[in-house]
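Accompanying notes for the structure given below.
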Amino acid sequence: QPCLQSKRREQAPDFLVPGIQTTMAAQYLGEPRTSHGLAYLGDSQLRLVLVGKTGAGKSATGNSILREKVFQSISSPVSITKHCEKRNGTWRGREVVVVDTPGLFDTDIPDAETLKEITRCMLLTSPGPHALLLVIPLGPYTLEDQKATEKILTMFGERAREHMILLFTRKDDLGDMDFHDYLEHAPTAIQDLICKFRDRYCVYNSKATGAEQENQREQLLALVQDVVDKCNGRYYTNSLYQKTEEEIQKQTQVLLENYRAELEKAKAQIKQEFEEEIRKLKDELEQQKRKVQMERQLAEREAHWVSRQQTARDDVLSQNEILETIFTLLRVASFVFSLFRD
Ligand SMILES: Nc1nc2c(ncn2[C@@H]2O[C@H](COP(=O)(O)OP(=O)(O)OP(=O)(O)O)[C@@H](O)[C@H]2O)c(=O)[nH]1
């Protein structure tokens with residue numbers, strides 16, 4: 001793979017003055033402070049997060065991956081995506097979950113807002129994403145763009161970066177030019193990124209259609225699979241993701257118990273009503289008919305319960321309360337962790 005520059009010593013960029021946003025967000029997304037083992041194998045989903053600056057092409061790429069226009073994608077100088085959004089599709093019989101994010105790391109976004117969205121992103125990708133797609137458009141690469149990229153790379157720790165893929169959008173702007181020819185004249189910062197990511201990059205035309213679209217989608221998802229394989233089939237997780245997952249499971253359990261209680265109540269009511277009616281009936285055939293009706297209604301209730309059981313986790317995730325709970329939980333956790341920082 002092209003590595004056009006001799007590898008320079010990686011330095012902490014100077015815009016990263018230790019500040020609350022950087023330190024807190026790094027605690028959210030960076031290296032885990034405790035080791036733990038979650039079960040990775042047998043995970044049927046492939047969870048992807050699109051990160052990058054406003055207008056980089058995250059939503060357009062998400063739509064392309066899912067083969068459907070599910071995320072709003074238009075040309076605008078201001079951020080179109082306001083909150084993290086999750087949509088699903090399939091690839092090789094596997095469920096693909098794509099989370100589109102707003103320009104989380106645009107330098108002018110306030111702290112509290114950023115942290116709230118990071119929390120939402122963690123909720124939507126819990127127990128952890130398999131791949132983080134860092135979206136950068138080909139074309140002019142300003143100092144501000146460079147800073148935004150550096151900020152993202154710094155916030156996600158070394159281990160999260162193993163799950164990161166560099167995704168260059170606007171491949172169509174290259175016209176007939178080969179990407180490697182383009183690289184030779186590309187800004188040094190882009191050449192450095194390629195060196196850093198080695199083979200974990202792809203060049204994408206998010207507006208492509210037909211065979212071109214299918215081929216590049218296939219190549220991208222195969223690259224994601226490759227990255228996951230290199231991480232021994234694991235998705236990225238850390239102790240804060242684990243806390244998030246524990247809370248989701250706890251709340252899902254509570255919801256399931258509520259659903260179960262509702263089911264039992266509804267079944268008892270159906271039985272009581274039918275049994276009263278059956279007792280009053282003299283005709284055995286009529287009694288039998290009512291019994292059949294009762295069994296049917298009980299079965300319908302059970303089926304309804306099964307479907308609610310299946311959506312319980314999503315029901316929890318769609319409530320605003322969980323966002324607030326996790327946000328508070330993670331803020332407390334960040335504070336506690338900050339006590340143990342070197
Ligand atoms: N020609 C071309 N246009 C693209 C490509 N990718 C994205 N765009 C366009 O770039 C503009 C911005 O794309 P979005 O997908 O909305 O960017 P975003 O990163 O999601 O932006 P926010 O939602 O504001 O954070 C849209 O007009 C897209 O159609 C690409 O590969 N080629």
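Residues take their numbers from the sequence shown, with the count starting at 1. Ligands are counted one by one from 1 in listed order, and the atoms in each one are counted from 1 as well.
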Which of the ligand 1 atoms, numbered from 1, are nearer than 4.0 Å to a heavy atom of Ser206: 5 (C), 6 (N), 30 (C), 31 (O)
Parallel, tilted or perpendicular, as decided by the 30° and 60° cut-offs, for the rings of Tyr235 and His130: perpendicular
Under 3.5 Å: N/O of Pro102 near N/O of ligand 1: no
Side chain to side chain contact (heavy atoms under 4.5 Å, CB included) partners of Thr149, counting only residues at least two apart: Leu134, Ile136, Tyr141, Leu153, Leu193
Of all pairs that satisfy salt bridge (Lys or Arg N to Asp or Glu O under 4.0 Å), the ones with a partner from residues 205-217, not counting sequence neighbours: Arg67-Glu214
Lys NZ or Arg CZ of Lys171 over Phe179 ring: under 6.0 Å, within 45°: no
Option with minimal heavy-atom separation from atom 3 (N) of ligand 1, where the choices are Gln72, Arg170, Lys53: Arg170
Thr169 N/O under 3.5 Å from ligand 1 N/O: no
Close-contact set for ligand 1 against Tyr204 heavy atoms, below 4.0 Å: 31 (O)
Whether Trp305 and Tyr259 hold their rings parallel, tilted or perpendicular, with breakpoints at 30° and 60°: perpendicular
Expected output: side-chain Glu85 to main-chain Thr101 donor-acceptor under 3.5 Å: no
Check: Lys207 N/O within less than 3.5 Å of ligand 1 N/O: yes
Per-atom contacts, ligand 1 versus Ser59 - under 4.0 Å to a heavy atom: 15 (O), 18 (P), 20 (O), 23 (O)
Asp172 and ligand 1 - part of the residue with a heavy-atom distance under 4.0 Å: side chain
Lys196 and Asp192 ion-paired at < 4.0 Å: no
Ligand 1 contact by Gly52, heavy-atom criterion under 4.0 angstrom: no
